[in-house]
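Okay, so here's the structure we're looking at.
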Amino acid sequence: MNSINYFIHKGAKETPEQMAVVTPTEEITYADFSEAIIKRAEEFKHEGLKANKGYVYRANQDIDFLITYFALKEMGAVAVPLEHSIPQEAFDNIKAEVEVAEFSEEIDDLLFTSGSTGKAKGVMLSQTALTTCAENFIHDNLYTSNIVYIISGPLNHIASLFKIHPTLMAGGTVCVVDGLKDMNALFDVFKKMPTRRFAFFLVPASIRMVLQFSRDQLVANADKIEFIETGTAPLTKNDMEELSKALPDARLYNSLGGTEIGAVSTYNFNDGKYMVGCVGKPMLHSQIMINEEGTIQIKAPTLMSGYFNDPEATTRVLKDGVYTSSDRGYFDEEGNLFLLGRNDDAINVGGFKADPIEIENTVNLIDRIVDCICIESPHPIAGSCLKLLYIVKEGETCTPREIASFLKTKLEAYKIPMLYEKVEKINQKYNGKKDRQSYKK
């Protein structure tokens, strides 16, 4: 199977003047990008870096980061990019552990993710995993050479790398911006390349921010937007509808993916159905199963090779080529996968396990609700109960009685929250996921 570098060098031969990577202040063609990668690889060899050894460095939102990243692949070393703001002590600890390790020749990347426990875990990814994941995106989300993919997230994060790989394999252009602090800068990119089509990845929280503060610009550029991808957290029905109204002709994908599994399923929610919790059908190289406990399992060449220096953690989730996730889900009659939340998110209510994601997805079917979160709350008699925090559309009202009455038509009695609180915002993590931990006392 051809590597991602193969396609970069192919682009240098076939479309040398096509822009490979651009930022607000710099740009580089495929020809120059290919040359810079080869030159940097030779520099690494001259400095003594060996194949199958890890190279630890900080991620910057610039072209030089990507030159280094692909140069390491060029010479057979392992790229270990870390957050730019990682404390020096943590950086040094990871560097010391990685530099003494000898990796198998199949490993391309070692990406550190905090995981649900907060302890950094190194995920080893092979060239096959990265390439087949990119092929999943190209095939199912229809990447082409005319795409300019705008990357706003940190470049060491898989949500960014997973979009960079297929864009370059398809011969498109990667546009790197430093977050979404300046929305004008984001839309200025459209003016610089008026003949191109654009795509970007936005977590649900960013989608809401764009709809709230930059909707007019989004609508004004609707004819230039090919598709938007989202993931990492459930998208509300209201946000699906609003984004679809703003971009009626764009493809709007909600995908299931992660550092350990790659990208495995996707759903274009600009279909008028706006199915909450749906992440679509398995992608080209993916096989998804639901075990007897209702937990999602994945068999695919996109899976990680294992956790770095942690064989026990690896065997807990990866066995005989099958990855057992912490997510629960089900397939509908058409073969679409729906997420029901994580096993460790379940809340014990009177001996029953209530899934907060299922409750939230059901509440979000109410048109007047913008977003909500279901949490565990102390109760003087029951000991603990479900509490719903919810946001109502501006100018609308929705009482706890109305919400409870609606839920009684959709859910079992033990899943109906006892307590309700109307709020102005829902606490979220940096990646757009709801911060449930912040509500625990």
Side-chain angles (χ1 to χ4, degrees), residues 114-118 203-205 207-208 230-240 254 256 258 274-279 290 293-296 325-330 332 337-379 382-392 398-441:
S114 62
S116 58
T117 64
V203 297
I207 288 176
R208 185 164 302 141
T230 189
T232 74
L235 194 66
T236 67
K237 183 172 183 286
N238 180 74
D239 287 345
M240 289 184 190
N254 189 24
L256 174 62
Y274 313 123
M275 296 186 290
V276 177
C278 181
V279 288
I290 308 294
E293 289 76 36
T295 300
I296 296 172
S325 72
S326 296
D327 296 309
R328 291 178 296 108
Y330 69 93
D332 69 5
L337 177 64
F338 286 76
L339 300 183
L340 288 175
R342 298 173 61 86
N343 288 321
D344 50 9
D345 282 338
I347 300 172
N348 193 310
V349 182
F352 293 97
K353 292 260 179 120
D355 180 4
I357 302 293
E358 179 186 12
I359 296 166
E360 291 159 9
N361 286 345
T362 306
V363 173
N364 283 324
L365 295 174
I366 302 173
D367 289 337
R368 289 167 287 168
I369 299 294
V370 173
D371 201 1
C372 65
I373 184 169
C374 183
I375 61 174
E376 185 176 7
S377 179
H379 189 275
S384 66
C385 68
L386 300 177
K387 180 177 181 178
L388 185 78
L389 308 179
Y390 63 98
I391 303 172
V392 179
C398 193
T399 67
R401 182 183 295 274
E402 289 175 311
I403 297 173
S405 296
F406 177 79
L407 293 180
K408 287 176 182 176
T409 68
K410 304 287 185 181
L411 301 173
E412 296 93 331
Y414 72 90
K415 297 177 182 177
I416 312 300
M418 293 180 65
L419 302 177
Y420 298 81
E421 182 182 348
K422 180 182 173 184
V423 297
E424 296 299 321
K425 69 171 186 175
I426 302 296
N427 295 347
Q428 294 178 323
K429 299 178 183 179
Y430 77 95
N431 60 4
K433 292 184 178 180
K434 293 174 181 176
D435 189 359
R436 301 184 187 280
Q437 195 67 30
S438 67
Y439 292 102
K440 293 183 179 180
K441 298 180 181 180

Nearest heavy-atom contact between L419 and P378 is CD1-O, 4.4 Å
Test side-chain contact (heavy atoms from CB on, under 4.5 Å), reference V279, set D327, I296, L256, output is L256
Quick one: are C398 and I403 in side-chain contact, heavy atoms under 4.5 Å?
yes
Nearest-0.5 Å distance, CE of residue M275 to CE of residue M240:
8.5 Å
Can you name the closest pair of heavy atoms from P204 and G231 and give their distance?
CD-O, 3.3 Å
Measuring from L389:CG to K422:NZ, what's the distance to the nearest 0.5 Å?
13.5 Å
A side-chain contact here means heavy atoms from C-beta on lying under 4.5 Å apart; do K415 and L407 qualify?
no
Can you check side chain to side chain contact (heavy atoms under 4.5 Å, CB included) on I426 and Y439, steps first, answer last?
CA-CA 10 Å; I426 302 296; Y439 292 102; 4.0 Å; yes
Show the numbers, then the answer: is there a side chain to side chain contact (heavy atoms under 4.5 Å, CB included) between S326 and T295?
CA-CA 7 Å; S326 296; T295 300; over 6 Å; no
Before you tell me yes or no, could you show the steps for Y420 and K387 under side chain to side chain contact (heavy atoms under 4.5 Å, CB included), namely the whole-Å CA-CA distance, both residues' side-chain angles and the distance that decides it to 0.1 Å?
CA-CA 6 Å; Y420 298 81; K387 180 177 181 178; over 6 Å; no
Run the side chain to side chain contact (heavy atoms under 4.5 Å, CB included) test on T362 and F406 for me, step by step, so that the C-alpha distance in whole Å, both residues' side-chain angles and the decisive distance to 0.1 Å come before the verdict.
CA-CA 9 Å; T362 306; F406 177 79; 4.1 Å; yes
Hey, does L388 have a side-chain heavy atom less than 4.5 Å from the side chain of P400?
no
CG-OG1 distance between L235 and T230, expressed to the nearest 0.5 angstrom:
5.5 Å
Approximate separation, where rounding is to 0.5 Å, of I391 CD1 and T236 OG1
9.5 Å
To the nearest 0.5 Å, how far apart are CZ in R436 and CG in N427?
11.5 Å
Minimum heavy-atom separation for N254 and C278, please, with both atom names.
ND2-O, 3.0 Å
Nearest atoms (heavy-atom pairs only) where D435 meets S438
O-OG, 2.7 Å
What donor-acceptor contacts under 3.5 angstrom involve side-chain atoms of residues 363-374, with partners at least two apart or in another chain?
{"from": "N364", "atom 1": "ND2", "to": "E360", "atom 2": "O", "distance (Å)": "3.1"}
{"from": "R368", "atom 1": "NH1", "to": "T397", "atom 2": "O", "distance (Å)": "2.9"}
{"from": "R368", "atom 1": "NH1", "to": "E402", "atom 2": "OE1", "distance (Å)": "3.4"}
{"from": "R368", "atom 1": "NH1", "to": "E402", "atom 2": "OE2", "distance (Å)": "3.4"}
{"from": "D371", "atom 1": "OD1", "to": "K434", "atom 2": "NZ", "distance (Å)": "3.3"}
{"from": "D371", "atom 1": "OD2", "to": "R208", "atom 2": "NH1", "distance (Å)": "3.1"}

Of all heavy-atom pairs linking L386 and A354, the shortest is CD1-CB, 4.0 Å
Give the ring-plane orientation class for F338 versus Y330, where under 30° counts as parallel, over 60° as perpendicular and anything between as tilted.
parallel
